[in-house]
2 protein chains.
Amino acid sequence: MAVTISDVASAAGVSRGAVSLALNGHAGVGDQTRQRILETAKALGWTPNLRAKSLRSAKAYAVGLVIAREAKLLGSDPFFPSFIAGVEVTLEKHDYTLVLTVATEPGAEERSYRRLADGGRVDGVILSDVRHDDSRIALLRGLGLPAVTLNRPDTPSPFPAVCMDDAVGITAAVEHLISLGHTRIGHVGGEQVYLHGRSRRRAWQSALTAAGLGTDLFAEADFTAPGGVAATARLLARKDRPTAIVYANDLMATAGQSYAQAHGMNVPGDLSITGYDNAQFARYLNPPLTTIAADPLAWGRLAAAMLLGQVSGTHDGGDLILGPPRLVVRSSTGEVPKHAVPAVAVDRYEDLSTAELSQESIHCQEKQ
Amino acid sequence: MAVTISDVASAAGVSRGAVSLALNGHAGVGDQTRQRILETAKALGWTPNLRAKSLRSAKAYAVGLVIAREAKLLGSDPFFPSFIAGVEVTLEKHDYTLVLTVATEPGAEERSYRRLADGGRVDGVILSDVRHDDSRIALLRGLGLPAVTLNRPDTPSPFPAVCMDDAVGITAAVEHLISLGHTRIGHVGGEQVYLHGRSRRRAWQSALTAAGLGTDLFAEADFTAPGGVAATARLLARKDRPTAIVYANDLMATAGQSYAQAHGMNVPGDLSITGYDNAQFARYLNPPLTTIAADPLAWGRLAAAMLLGQVSGTHDGGDLILGPPRLVVRSSTGEVPKHAVPAVAVDRYEDLSTAELSQESIHCQEKQ
DNA sequence: GACGGCTACTAAATCGATTTAGTGAATTCA
DNA sequence: TGAATTCACTAAATCGATTTAGTAGCCGTC
């Protein structure tokens with residue numbers, strides 16, 4: 001069907017080997033022969049068959065990314081789409097493609113990596129959402145699959161890492177709140193099994209400790225909106241409830257803000273709120289959300305570049321540190337309230353995540 | 001390196017051909033020989049080399065998806081991640097993978113399709129974001145690449161389509177608003193070059209016409225938050241400004257709601273708002289957003305299934321219609337205001353998208 | 001007992017590109 | 001001038017799995 005190297009060879013009156021040499025710019029063919037071969041190849045519309053090239057060279061010309069998320073959560077994360085776009089920028093330049101796998105069930109993740117490695121579908125993978133004591137490191141080493149990790153794992157890892165110090169952003173957020181007079185600053189974190197969940201919590205903790213403030217206002221959630229609501233409810237039900245909450249992502253911050261407002265609190269009058277990610281909608285909340293902006297696109301570009309270097313053996317193996325995220329101050333943060341605000345009664349989690357929040361029953365106060 | 005079919009053959013004391021027959025369950029090998037071969041294959045840990053299989057069978061065992069979006073917009077769209085998750089569910093069952101390409105520049109899109117087709121990287125593609133008079137239909141036919149389109153193109157297309165009638169959702173939204181007494185119902189649409197932009201507008205138009213209401217309160221935007229703000233500003237500056245606006249997606253609705261509130265309007269007291277997508281954050285806005293929920297996961301599952309059928313020649317070629325989206329009523333819609341509300345002065349677009357809306361300042365971190 | 005038909009298997013071709021070994025001719029050097 | 005070297009190219013092997021053509025052995029049958 002398609003035109004092969006044999007077609008070009010017979011059309012140009014030479015052997016297949018000569019065509020290959022000519023097309024790849026190798027020595028071994030005369031100048032006018034080379035010219036003739038190139039012209040006939042172009043005239044016939046020849047393009048290399050990647051499947052054949054792949055078999056011969058034992059390379060897949062593709063890299064893999066396995067995303068382990070429940071389907072419902074995937075759509076709400078602003079990170080991956082931008083990250084993937086960055087990866088693509090680099091891959092396209094090198095005529096590589098991205099094989100994307102979504103693992104929605106627990107067991108599916110390891111299966112995905114095996115599938116990519118065993119069949120030789122990819123030449124390497126990007127490991128994201130690195131976890132504490134991450135078993136995938138050993139898995140990938142066992143599979144002999146080159147990899148690059150996003151941030152450095154807390155277990156010995158033979159793979160280079162592209163790092164983004166999210167602690168810098170959280171520290172800036174806490175210091176911003178302290179400068180506004182807040183002393184009871186809470187944190188709603190993501191699952192602490194994730195390194196980025198941990199590092200954000202630690203940064204919050206360190207910044208408070210450095211300022212001589214307490215660090216007990218922590219509630220673990222799961223990066224989802226319902227989780228953010230539940231964690232916020234727990235913090236706000238305390239006697240010593242916070243006057244400001246630092247969230248580990250924008251989605252939880254949005255949910256927390258909504259929860260607080262639904263319970264009669266003013267943001268930032270009664271409660272200041274910061275997010276993380278700088279999702280596009282964050283600026284258009286009511287009030288607009290103070291948050292932390294990283295650069296997932298650059299992260300993707302560099303991770304892909306490092307992985308390609310790793311695959312081709314040109315990478316030196318050192319880690320790469322990205323520029324730090326920056327704080328974007330909007331209107332969800334303000335001066336600490338002068339007056340004491342009564343604690344909010346805690347709701348049951350079930351109520352929060354289903355009936356109570358689900359439809360019409362949240363009636364927000366209308367002033368902004 | 002890896003164990004091949006030859007290794008299995010010599011270990012089992014048979015020819016390569018016999019191993020192949022045994023492993024694929026074909027006739028031509030005796031029962032105990034077959035058993036022995038299967039056992040040695042298992043013992044040696046043999047897995048088929050996809051690259052070889054691919055070359056021999058002239059199949060890629062992968063399908064492609066080209067997303068044409070600017071990198072910045074990608075992260076804010078709740079559709080694709082869920083859609084992709086659905087695609088994966090089907091592909092994994094058939095041991096196929098998804099090759100994802102992001103085309104951020106205009107010319108990159110066609111190049112992407114050619115790259116996927118020419119090298120034989122994929123066996124087919126899913127065509128999303130179908131446009132009016134979409135040139136990709138002819139391109140794909142020319143490339144001989146099987147495809148499935150999301151919704152039926154408005155040009156003759158040889159490819160089957162998986163359709164979701166978003167008109168149903170918009171109609172429900174408009175009727176909901178009419179039942180609340182609204183008569184001046186506007187629409188902020190996406191780019192009208194997209195079929196889903198058009199069909200949503202047409203549905204809005206039809207529903208109003210059916211109720212004997214006017215259809216001139218239309219403003220075209222681009223599915224982005226800044227675009228939604230600008231379009232909202234234009235509608236609200238009119239003398240006959242709407243008391244309700246139907247947005248073509250949640251992001252624009254969020255931005256529009258924020259704009260209205262920032263200009264002293266009450267939602268839904270002065271202005272009712274509906275979105276589209278049911279993004280996770282929509283429920284946590286202030287007020288929670290009335291919106292339209294589709295099922296991108298199912299869409300992805302079925303599109304992938306149809307494409308695989310198409311590739312293997314088992315699909316009959318008929319279109320598939322998904323269940324209709326449904327209206328999710330929350331608190332951003334309410335009774336039409338009794339009193340007249342003065343028109344809002346229009347702002348310049350530049351102001352809207354920068355300083356005016358959020359008084360935003362960016363604090364960069366000075367140390368490390 | 002010769003022949004057809006069947007089973008169980010092997011040898012070799014195949015997919016398309018790359019690469020290695022080899023060959024004939026021209027050129028260079030002693 | 002003869003040997004050595006270089007050049008331009010071809011033939012064939014290679015990657016790993018599948019498939020086609022072919023073969024040896026066995027059974028049954030007329």
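Both backbone and side-chain heavy atoms feed into the values below; hydrogens, waters and symmetry mates do not. Quick note on labels: first sequence line is chain A, next is B, and so on, each numbered from 1.
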(message) Between P on dA17(D) and NZ on K53(B), what's the gap in Å once rounded to a whole number?
(response) 10 Å

(request) Would you please confirm or rule out a distance under 4.0 Å between OP1 or OP2 of dA17(D) and any side-chain N or O of W46(B)? (result) yes

(message) Determine whether a donor-acceptor pair (N or O, by modelled atom type, separation under 3.5 Å) exists between the side chain of D154(A) and the backbone of D133(A).
(response) yes

(request) Using a heavy-atom cut-off of under 4.0 Å over every strand shown, decide if V14(B) touches base, sugar-phosphate, or nothing. (result) sugar-phosphate

(request) From the options dT18(C), dT10(D), dT18(D), select the nucleotide whose nearest atom is closest to the side chain of S20(A). (result) dT18(C)

(message) By the ring-ring contact (aromatic ring centres under 6.0 Å, His included) test, which pairs, at least two apart or in different chains, include something from residues 104-148 of chain A?
(response) none

(message) Centre-to-centre under 6.0 Å for Y194(A) and H196(A), is that the case here?
(response) yes

(request) Would you mind reading off the bend of the helix from dG1(C)-dC30(D) to dA30(C)-dT1(D) from its two end axes, five pairs each, to 10 degrees? (result) 70°

(request) Using atom CZ of R51(A) as one end and atom P of dA17(D) as the other, report the distance to the nearest whole Å. (result) 17 Å

(message) So does V311(A) get a backbone contact from the side chain of D123(A), meaning a donor-acceptor N/O pair under 3.5 Å?
(response) no

(message) Would the distance check show the side chain of D77(A) and the main-chain N or O of L74(A) forming a donor-acceptor pair, the cut-off being under 3.5 Å?
(response) no

(message) How close do A303(A) and V162(A) get, counting heavy atoms only, and between which atoms?
(response) CA-CG2, 3.7 Å

(message) Rounded to whole Å, please give me the gap between NZ in K59(B) and P in dT18(D).
(response) 11 Å

(message) For L116(A) versus G64(A), what's the shortest heavy-atom pair and its separation?
(response) CD1-CA, 4.3 Å

Protein and nucleotides 12-15 of chain D: nitrogen or oxygen contacts under 3.5 angstrom:
from, atom 1, to, atom 2, distance (Å)
dA13(D), N6, R16(A), NH2, 3.4
dT14(D), O2, R56(A), NH1, 2.4

(request) Quick one: do Y61(A) and K53(A) satisfy side-chain contact (heavy atoms from CB on, under 4.5 Å)? Show the steps, please. (result) CA-CA 9 Å; Y61(A) 300 100; K53(A) 221 171 135 166; 3.8 Å; yes

(request) Scan residues 30-50 of chain A for pairs that pass side-chain hydrogen bond (donor to acceptor under 3.5 Å, both in side chains), counting only residues two or more places apart or in two chains. (result) none

(message) Among residues 21-37 of chain A, which ones have heavy-atom contacts with DNA chain D below 4.0 Å?
(response) G28(A), V29(A), G30(A), T33(A)

(message) Within the structure provided, determine whether F80(B) and I67(B) are in side-chain contact (heavy-atom separation under 4.5 Å).
(response) yes

(message) Please enumerate all residues that pass side-chain contact (heavy atoms from CB on, under 4.5 Å) together with N24(A), with sequence neighbours excluded.
(response) S20(A), H26(A)

